[in-house]
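What follows is a short report on a single structure.
Hydrogens, waters and symmetry mates are skipped; everything else that's a heavy atom, side chains included, is used.
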Amino acid sequence: MQPVIEHPWQLTPAEAAVLQNELRQRVERNDRLQAIRHVAGVDVGYEAGGRVTRAAAAVLAYPSLQLVETSVARCPTSFPYVPGLLAFRELPAVLAALARLKITPDLILCDGQGIAHPRRFGLASHLGVLLDVPTIGAAKTRLTGHHDEPPNVKGAWTPLLDDAETIGAVVRTRAGVKPVYVSIGHRVCLKTAIELTLACVTCYRLPETTRHAHHLASAKKDDA
DNA sequence: GCGACAG
DNA sequence: ATCTTGTCGC
């Protein structure tokens, strides 16, 4: 799969924030989905003390969640970690990994926020807009917003609020585990994002297989 | 001015 | 994120 929108990545943090404010208008917060046959999970890791960014993608058939394809790509790390600008550090490698897939997924789950972001344009929204594909933000920790702790029951969730605005949900994928921060990425409403996250992440199949793709990449010096 | 801060 | 020692809670 290839982006439908291109833009430079070698930007200053100030320029990157300006670009986010322009692209944020393209985010669609309602469902615009076709039949889901394949779901991709993408995750990023670093090598060589952070000088190299490695992205791994895992495609699962839906709803069986059987692994059907993986890909890996490496890029020189060319942007610092700045809270709110993570996409400029990680998306170049993510796009390269996704470009190597033969299968075009109908949905992408991202390790990062969607609109639960200071400018409502986190990594998942950014990726969705560039590819014009439905995406969901599923982050392990909070970037912005306040919330109550969800009940310790599988499927329980509480709204993630920025003042009175609901920007996401804190979702308990399993009893006894830390909740995940779910937010709209692109072309899915929050309700759908929560449901699909539970369907794909409840038994940790997606993160598991994505990590597996990373392991393949680590074991082999070349790409998998 | 002082905290907070996806990965 | 990644690296890594010691500590806390179930």
Side-chain angles (χ1 to χ4, degrees), chain A residues 9 11 13-14 16-17 19-21 23-24 27 40-58 72-98 108-130 135-147 149 152 157-163 165-171 173-186 190 193-194 197 201 206-207 210-215 217-219:
Chain A
W9 294 100
L11 303 171
L19 181 56
Q20 287 182 326
N21 277 324
L23 292 175
R24 62 183 289 187
V27 174
V42 291
D43 194 21
V44 168
Y46 295 91
E47 299 177 352
R51 290 190 298 276
V52 173
T53 302
R54 183 185 68 215
V72 173
R74 292 179 178 80
C75 292
T77 305
S78 57
F79 200 92
Y81 171 69
V82 180
L85 301 178
L86 181 64
F88 293 88
R89 179 174 174 86
E90 300 199 335
L91 280 192
V94 168
L95 287 167
L98 292 174
I108 301 176
L109 260 72
C110 301
D111 188 1
Q113 313 287 353
I115 65 170
H117 175 278
R119 288 171 291 281
R120 305 294 183 263
F121 196 70
L123 180 151
S125 296
H126 199 143
L127 181 65
V129 165
L130 294 192
T135 59
I136 293 170
K140 293 182 284 296
T141 61
R142 181 190 68 92
L143 172 60
T144 191
H146 294 156
H147 64 88
E149 198 69 11
N152 191 14
W157 61 274
T158 53
L160 178 63
L161 303 168
D162 189 357
D163 292 324
E165 181 186 3
T166 297
I167 58 175
V170 190
V171 181
T173 58
R174 294 199 66 169
V177 299
K178 281 177 35 175
V180 58
Y181 290 76
V182 175
S183 56
I184 294 169
H186 187 51
L190 181 58
I194 294 169
T197 298
V201 183
L206 199 51
T210 303
R211 275 197 299 276
H212 185 254
H214 272 300
H215 289 161
S218 304

Exercise for the section: Taking the side chain as every heavy atom from C-beta outward, state whether A/Tyr181 and A/Leu143 have any atom pair closer than 4.5 Å. Expected result: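 No, their side chains stay 4.5 Å or more apart.
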Problem - A/His126 side chain reached by A/Thr135 side chain, heavy atoms, under 4.5 Å - result: no
Ignoring hydrogens, what is the shortest heavy-atom contact between [X] and [Y]? Give both atom names and the distance.
X	Y	result
A/Arg120	A/Ile115	CD-O, 3.0 Å
A/Trp157	A/Ala169	CE3-CB, 3.6 Å
A/Ser183	A/Gln113	OG-C, 3.8 Å

Exercise for the section: Check every nucleotide of DNA chain B for an atom under 4.0 Å from a heavy-atom of chain A, then give the first and the last such nucleotide from 5' to 3'. Expected result: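 The contacted stretch runs from B/dA4 to B/dG7.
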Problem - Structure string for DNA chain B in dot-bracket form, Watson-Crick and G-U at under 3.5 Å, | interchain - result: .......
Any chance you could measure [X], atom [atom1], to [Y], atom [atom2], to the nearest 0.5 Å?
X	Y	atom1	atom2	answer
A/Thr77	A/Tyr46	OG1	OH	6.0 Å
A/Leu127	A/Leu95	CG	CG	6.0 Å
A/Arg119	A/Leu85	CZ	CG	5.5 Å
A/Thr144	A/Leu161	OG1	CG	11.0 Å
A/Asp162	A/His146	CG	NE2	8.0 Å

Heavy atoms under 4.0 Å, any strand shown: does [X] hit a base, just sugar-phosphate, or nothing?
X	result
A/Gly84	base
A/Leu85	base
A/Tyr81	base

Handout entry: Segment of DNA chain C, first to last nucleotide, that comes within the 4.0 Å heavy-atom reach of chain A
Key = C/dA1 to C/dT2
